Protein chains: 2
Amino acid sequence: MSGKERLLVRGAQGDLLRLVATGHAESRAQLARISGLAASSVSLRVEELIDTGLLVEEGSGTSRGGRRPRRLRVSPTAGLLAVADLGAHHARLGLLDLSGAPLVVEERACDIALGPEATLDWMAASFDELMLTHGPPGVPLRGVGTGIPGPVDPASGRVVSPSRMPGWHNFPVAEHLGAHYDLPVLVENDANLLAVGEARSWPGCDNLMVLKAGSGIGCGVIVDGRLHRGRGAAGDISHVRVRTDSSTMCSCGHPDCLEAYASGAALMGALSELGIATRRPGDVVALVEDGVPEATALVRNAGRLIGEVLTVLVNFLNPDAIVVGGSLSTAEPLISSIRAAVYERCLPLATRDLEIAVTRGGPDAALLGAGSLLLDAVLS
Amino acid sequence: MSGKERLLVRGAQGDLLRLVATGHAESRAQLARISGLAASSVSLRVEELIDTGLLVEEGSGTSRGGRRPRRLRVSPTAGLLAVADLGAHHARLGLLDLSGAPLVVEERACDIALGPEATLDWMAASFDELMLTHGPPGVPLRGVGTGIPGPVDPASGRVVSPSRMPGWHNFPVAEHLGAHYDLPVLVENDANLLAVGEARSWPGCDNLMVLKAGSGIGCGVIVDGRLHRGRGAAGDISHVRVRTDSSTMCSCGHPDCLEAYASGAALMGALSELGIATRRPGDVVALVEDGVPEATALVRNAGRLIGEVLTVLVNFLNPDAIVVGGSLSTAEPLISSIRAAVYERCLPLATRDLEIAVTRGGPDAALLGAGSLLLDAVLS
DNA sequence: CGGTTTGTCTTCGATTTCGAAGGAAGATGG
DNA sequence: CCATCTTCCTTCGAAATCGAAGACAAACCG
């Protein structure tokens, strides 16, 4: 299940491979421009990477006015990454090649309430199955990564006081997965993975806030093109106090947290009090699309509250874009009321070129983000 | 007053010089460790820098168990930086050597309400005077920088819609100063400079929020050890909506901005309504120290409001420390009520190792910050 | 269609950087 | 006080990197 010889790419070679893998460059000339190395050095290194079997030349790219570049790609046989995005009741699982491109992605039902051991063992078994059924023979697994719907301490790879994951507190996820695989293991908060994944779809935007609005409210922050972790829990906005008429206690012990009003779980709760049953946050979106006024009003209020919180952060961080993802993101009134609140209340300087939009990266964005981070760990 | 030949330090040499100048290293061995270069390469480069007259060897450092290192310093004759921190009624002006150490610092009265031309020409004249009276003969000026008590667009060096600087809107400060000096010119928001300056006093803290509580409320943000500018106005918290009973209109046209309740100007206004006259934010601190209950109550309320805003940002950014500076920072009740609000309401994960403290960098911190940023511009 | 322009990639000598080895200078410890 | 250790710095051959020059390939354009 492992024990393959470690990928050996040191220094400059690793950097070049990474640039190709992440899609930042796909020709020698581009590599030279981006890496700052001389064209001749790049050619030498690329030669070696091709000899090692990590890179392949594949046709030619589009001309920029002169000779067409020879397109470079990470070899499909160089290795695979197994990645997962764990949700409360479903997980997306996939295999990526070393360029981060998905080979297979599947969504499977699971239940994190069964506890970490059961869930992670199930995940590992699913990875093994995917490797057997979809992995080309002889192509080694190079890394394993998963997103977790709760706070993760990046240093230790442990889950730290999650709200909706009974039995997971302080569980060493990375260590447990590492016991199955003698490989680099990545464990990261799901919103952070989404942020990293989305960042690829927002070229030129170095500062990004990616909101994940599902059962809970998560947020990943990209500063200067890199994921900002702070001391580990950066990006948390769910326990911010909001301005409301009524007063509701949040599970964290404080009154009037954003999560208690604007999360998918809160919306479902409010609907059920009105006698409208829902099973998943997606059902709320369906109600909105069906024109159920109670649902629309609740979603619109959620958007306003989220927007008011974002107001503070937009003034403070001056991001290039706010990206809204998660299962609630397809509800039109949510986005538009977030937009309204932010544009109305923020400084003109901060909103002048600010874009507020839904996810561009598609349903696999978080998996791609996991691939992206995992690649850094894999390439020496 | 200029036209000196440009400092010529390319690539690796500039990096080494910068490391010595910023105090990150003071021996060849240390340079090798920090820069990642081979010890032999470091020796070569340092040799050249000494030959050029930019570095000097000066005695020996303390042993770490073996031979004592030969201490390196930036030559005092390598050049000077002229820096200023402009306030509403006072400016601090100083000359720094290329290591960022102050040669002279003076505080002089001025009035930014006289408009940009008058103020900047006065500043240039003051710089010239300082050079004449305190600059060692023959030592060239290498750069000029100033802090501005309002938003600055870093790309163009213009002031953008400042609240308390009549006549400055859109004025090209960097360009105007650049006409006097054919040198690198730095123009930056004052809170940002304070943040950069303070960062030197907080080793190990890569993520820092530095609050400047004076007439206005400014905030500089250090992320990953570097100043975060966003699109230019990052760090603004003064126009965040706060939770209050009453309702006050802010000059920005929105109700209940933090600035309208918690800035020095707002406190002075509130005191005058109570029949207590003050001329400067510092007077408010004096009243608090004299035990005037109205002043204490107002300051405490300001601290609470600021703290509540910080709550959001602390959860979001997970900084290592919050540093409070500015003329109000010496009011004990301000800090303690900020502390109370943040510690009470933030996530344990975010506050576990969070320090909330007053400035460590002393009164010249902003000038030192200007020197630090200016150095980057000066060293090619 | 053939010259011109633009961009890509390789060749090769010059330069820079590295790394191992060794000398210098002080700390440590009997 | 002398042997030994640690750290600092330099020396010198080996390796990596650079940059200029040129070959190559396509787009552009009268």
Side-chain angles (χ1 to χ4, degrees), chain A residues 7-21 23-75 379-380, chain B residues 7-21 23-75 379-380:
Chain A
L7 245 186
L8 199 77
V9 268
R10 59 199 178 290
Q13 263 175 41
D15 290 342
L16 294 185
L17 189 51
R18 194 189 321 259
L19 284 171
V20 176
H24 286 282
E26 54 171 30
S27 75
R28 290 158 230 251
Q30 231 177 330
L31 278 172
R33 278 193 299 270
I34 296 182
S35 70
L37 293 178
S40 47
S41 314
V42 169
S43 269
L44 266 175
R45 302 276 135 260
V46 166
E47 191 80 7
E48 284 180 33
L49 284 169
I50 290 178
D51 287 349
T52 328
L54 294 174
L55 275 184
V56 286
E57 252 174 26
E58 191 196 56
S60 48
T62 52
S63 165
R64 301 194 314 153
R67 173 177 175 173
R68 280 190 289 200
R70 287 188 255 164
R71 179 177 288 156
L72 297 172
R73 276 203 45 190
V74 175
S75 165
L379 296 184
S380 60
Chain B
L7 247 186
L8 200 76
V9 268
R10 57 198 179 289
Q13 263 177 40
D15 289 342
L16 293 185
L17 189 50
R18 195 187 320 260
L19 285 172
V20 177
H24 287 280
E26 54 171 31
S27 75
R28 290 159 232 255
Q30 231 178 330
L31 278 172
R33 278 193 297 270
I34 296 182
S35 71
L37 294 178
S40 46
S41 314
V42 169
S43 269
L44 268 175
R45 303 275 134 260
V46 166
E47 191 81 8
E48 283 179 34
L49 284 168
I50 291 179
D51 287 348
T52 327
L54 294 174
L55 276 184
V56 286
E57 253 175 25
E58 191 197 56
S60 47
T62 52
S63 164
R64 303 194 314 152
R67 174 177 173 174
R68 280 189 289 201
R70 285 187 257 164
R71 178 178 288 156
L72 297 172
R73 275 203 46 190
V74 175
S75 165
L379 297 184
S380 60

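Since the model is a prediction, treat every value here as computed from it, not as a measurement. A, B, ... follow the sequence lines: proteins, then strands. Residue 1 opens every chain. Every heavy atom of this structure was used, including side-chain atoms; hydrogens, water molecules and symmetry mates were not.
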Quiz prompt | Axis-to-axis angle between the two ends of the helix from dC1(C)-dG30(D) to dG22(C)-dC9(D) (five base pairs per end, rounded to 10 degrees) | solution = 30°
Quiz item: In whole angstroms, how far is the P atom of dT16(C) from the CG atom of Leu16(B)?
Solution: 14 Å
Quiz item: Is there side-chain contact between Ser35(A) and Leu16(A), with heavy atoms separated by less than 4.5 Å?
Solution: yes
Quiz item: Given atom CD of Glu47(B) and atom P of dT11(D), what is their separation to the nearest angstrom?
Solution: 8 Å
Exercise. For Arg33(A), report the nucleic acid contact type (base, sugar-phosphate, nothing); a contact means any heavy atom under 4.0 Å.
Key: sugar-phosphate
Practice problem: Measure the OG-CD distance between Ser60(A) and Glu26(A) for me, rounded to the nearest 0.5 Å. | Solution: 10.5 Å
Quiz item: Between CG of Leu19(A) and CD of Gln30(A), what distance do you get to the nearest 0.5 Å?
Solution: 9.5 Å
Quiz prompt | Donor-acceptor under 3.5 Å (Thr52(A) side chain, Leu54(A) main chain) | solution = no
Quiz item: Does a nitrogen or oxygen in the side chain of Ser43(A) sit under 4.0 Å from OP1 or OP2 of dT10(C)?
Solution: yes
Exercise. Would you mind reporting whether Leu72(B) and Val56(B) have side-chain heavy atoms less than 4.5 Å apart?
Key: no
Self-check item: Nearest heavy atoms of Gly61(B) and Arg68(B), plus distance in Å
Solution: O-CD, 3.2 Å
Quiz item: What string of B, S and - do you get for nucleotides 17-29 of chain C, 5' to 3', when a contact is any protein heavy atom under 4.0 Å?
Solution: BBB---BBBBS--
Quiz item: Can you tell me how far P of dC8(D) sits from CZ of Arg70(B), to the nearest Å?
Solution: 12 Å
Quiz item: Does Leu37(B) offer a backbone N or O that forms a donor-acceptor pair with the side chain of Ser41(B) under 3.5 Å?
Solution: no
Quiz item: Can you check the Glu48(B) CD to dT15(C) P distance for me, whole Å?
Solution: 13 Å
Quiz item: Tell me: CD of Gln30(B) to C1' of dC9(D), nearest whole Å?
Solution: 14 Å
Quiz item: Rounded to whole angstrom units, what separation is found between the CD atom of Glu26(B) and the C1' atom of dC9(D)?
Solution: 16 Å
Exercise. To the nearest 0.5 Å, tell me how far Ser27(B) OG sits from Arg33(B) CZ.
Key: 6.0 Å
Quiz item: Say you draw a straight line from CZ of Arg71(B) to OG1 of Thr62(B); how long is it, rounded to the nearest 0.5 Å?
Solution: 7.0 Å
